[in-house]
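As structure tokens, the structure follows; a few thoughts come after it.
In this text the structure is predicted, and so the values were computed from the model without any measurement. As a basis for the values below, the full set of heavy atoms in this structure was taken, side chains included, without hydrogen atoms, waters or symmetry mates.
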Amino acid sequence: SANLFGQSDLSTNLAIAQYHGIDISGSASHTILVTLQLPDAQVGWPRQWILNLGQLRAGSHHWLYRSDGIQFGAWDGVQLQQKLPVGQGELAVLCTTYDAATRTYSLFVNGELNQRVESLSFNILAGNLNVGHVVNPSQVEADFAGKIYQLAVWTHALDAGSVKTISAQALSKYAEFTLRSSGVVNGELGQKYTWDNASSISPPVEWFGAPPGTEYFTLFMVDNGSTPGFPYCFGCTDWNVTYIPGYLKAIPEGSLPPGCKDGETDGGLGYYGPSADGSKHTYTMTLTAFPSEKTAVLNFSYTAKATNPQYKMRW
């Protein structure tokens, strides 16, 4: 589109950016589309700023992430406060269109119309756009804690068909099949999930962006070995789960949901956590979706105690 502004990757992480000279003023028609990943944890207070178009006061167009959803609309004017149909940590394409002729403000989520309000007006006095950054430091507010991947601004109101097409393209481009665990902090597996805890229990895992049509998953955790020169455990399987139903999005700590099956590991049947030699070992956990065979990988490390009796039993 000739009127498209800034359709590009902002960052693979949090984008804090400022743009100037955008040709939108007063209550002119415009469209804003953002591809983002919501924060992993629900916020309480303060509110987090996703963006603000215009001056840093009443009349501008802002998006605010709150504990009860996202607040879209005019600063100190008509607004939508919406709980989105997407979960924490998930990818979403959010789009608002404003038609000045009808004063209609529409919100689209992943290409589908979510809510619409009439009789909304803006009073944009400056062509500035702040992205991901708190714009009102006098209040207890914060930068956006999620990730912003893409931003686009048009100087007219896109029709619903165009919003749907562009949103589908963005979802396809930025959808990542990712695997996470709250048991891994700063790249290190918690001791709770190792034999240093006396009874190793399996860590919680969750995944996002699974390929459409996934029928089942498999999960493998492999010990990649220790520092160079110490070959023990290289390639050992520490966790092997099969027949994970395709509708699942997580495995809780210490147990398997119905339908999942524990497979053989180098320590027997079921999860066999780190029980190494006192050196730092690295591990790779791989979730595979079938029939696509697309994989999501989580890498981490753990340094077990040198006197770990389970290590001696294993060898």
Side-chain angles (χ1 to χ4, degrees), residues 14-16 24 26-100 102-126 128-154 157-158 160 163-164 166-167 170-171:
L14 171 64
I16 297 179
I24 297 173
S27 195
S29 297
H30 62 280
T31 297
I32 301 177
L33 183 143
V34 175
T35 304
L36 53 73
Q37 181 180 318
L38 295 177
D40 291 331
Q42 184 65 56
V43 301
W45 189 262
R47 303 178 299 181
Q48 298 177 5
W49 285 83
I50 300 176
L51 62 83
N52 185 80
L53 174 62
Q55 66 281 0
L56 307 184
R57 59 181 186 274
S60 67
H61 184 178
H62 66 21
W63 296 7
L64 287 165
Y65 184 62
R66 302 161 47 111
S67 61
D68 51 359
I70 296 183
Q71 180 179 325
F72 303 85
W75 188 328
D76 285 348
V78 177
Q79 301 176 3
L80 301 177
Q81 189 167 309
Q82 191 67 9
K83 191 76 172 178
L84 299 179
V86 289
Q88 297 170 16
E90 293 188 1
L91 185 74
V93 180
L94 306 180
C95 179
T96 56
T97 65
Y98 178 67
D99 186 334
T102 60
R103 297 174 62 196
T104 301
Y105 185 72
S106 304
L107 167 65
F108 296 82
V109 180
N110 294 338
E112 300 296 331
L113 179 64
N114 182 273
Q115 195 171 353
R116 176 172 285 158
V117 64
E118 297 180 351
S119 301
L120 184 150
S121 294
F122 294 101
N123 184 25
I124 298 172
L125 303 177
N128 301 326
L129 179 63
N130 287 273
V131 181
H133 185 56
V134 59
V135 299
N136 193 8
S138 63
Q139 296 187 22
V140 183
E141 296 177 337
D143 295 340
F144 182 55
K147 297 179 181 179
I148 297 176
Y149 295 106
Q150 183 186 45
L151 165 73
V153 179
W154 289 261
L158 289 180
V163 172
K164 188 167 188 175
I166 296 170
S167 297
L171 285 171

Could you report the tightest heavy-atom contact between [X] and [Y], atom names first, then the distance?
| X | Y | result |
| --- | --- | --- |
| T31 | T97 | OG1-CG2, 3.7 Å |
| V134 | D143 | N-OD1, 2.8 Å |
| N110 | A92 | OD1-CA, 3.4 Å |
| R57 | L125 | NH2-CD1, 3.6 Å |
| W63 | L94 | CH2-O, 3.6 Å |
| A28 | Y98 | O-CD2, 3.5 Å |

Item to check | Listed partners of A142 passing side-chain contact (heavy atoms from CB on, under 4.5 Å), at least two apart | outcome: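 Checked A142 against side-chain contact (heavy atoms from CB on, under 4.5 Å); matches are P46, Q48.
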Checklist entry - Taking only residues two or more places apart in sequence, or in another chain, which ones meet A160 in a side-chain contact (heavy atoms from CB on, under 4.5 Å)? => result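 Only F108 meet the side-chain contact (heavy atoms from CB on, under 4.5 Å) criterion with A160.
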Next on the checklist: I'd like to know if the side chain of S60 reaches the main chain of L56, judged simply by a donor and an acceptor atom lying under 3.5 Å from each other, with no hydrogens or angles considered.
Outcome noted: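 Not a single qualifying donor-acceptor pair exists.
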Looking at [atom1] of [X] and [atom2] of [Y], how far apart are the two atoms once the value is rounded to the nearest 0.5 Å?
| X | Y | atom1 | atom2 | answer |
| --- | --- | --- | --- | --- |
| K147 | L36 | NZ | CG | 12.0 Å |
| F72 | T96 | CZ | OG1 | 7.5 Å |
| L64 | I50 | CG | CD1 | 7.5 Å |
| L107 | C95 | CG | SG | 8.5 Å |
| N52 | L129 | CG | CG | 8.0 Å |
| E141 | R47 | CD | CZ | 4.0 Å |

Checklist entry - Aromatic ring centroids of F122 and H30 under 6.0 Å? => result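 Yes, the ring of F122 comes within the 6.0 Å limit of the ring of H30, centre to centre.
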Checklist entry - After noting the C-alpha distance and the side-chain angles of S29 and D99, does the key distance pass the side chain to side chain contact (heavy atoms under 4.5 Å, CB included) rule? => result CA-CA 5 Å; S29 297; D99 186 334; 4.2 Å; yes
Item to check | Trace of the side chain to side chain contact (heavy atoms under 4.5 Å, CB included) decision for L158 with I166 | outcome: CA-CA 10 Å; L158 289 180; I166 296 170; 4.0 Å; yes
Are [X] and [Y] side-chain neighbours, meaning at least one heavy-atom pair lies under 4.5 Å?
| X | Y | answer |
| --- | --- | --- |
| I32 | L151 | yes |
| L80 | Y105 | yes |
| V131 | V34 | no |

Checklist entry - Do other residues, nucleotides or ligands put more than 12 heavy atoms under 6.0 Å from the CD atom of Q81? => result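 Atom CD in Q81 is packed in, count exceeds 12.
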Checklist entry - Using 30° and 60° as the class limits, which term best fits the ring planes of W49 and H62: parallel, tilted or perpendicular? => result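 Rings of W49 and H62: perpendicular, as their planes differ by over 60°.
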Next on the checklist: Could you tell me if R103 and S119 have a donor-acceptor pair between their side chains, going purely by distance under 3.5 Å?
Outcome noted: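 No donor-acceptor contact under 3.5 Å links the two side chains.
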Item to check | Residues H61, I24; criterion side chain to side chain contact (heavy atoms under 4.5 Å, CB included); working and verdict | outcome: CA-CA 11 Å; H61 184 178; I24 297 173; over 6 Å; no
Next on the checklist: For Q150 and V93: C-alpha separation, side-chain torsions, deciding distance, then whether side chain to side chain contact (heavy atoms under 4.5 Å, CB included) applies.
Outcome noted: CA-CA 9 Å; Q150 183 186 45; V93 180; 5.9 Å; no
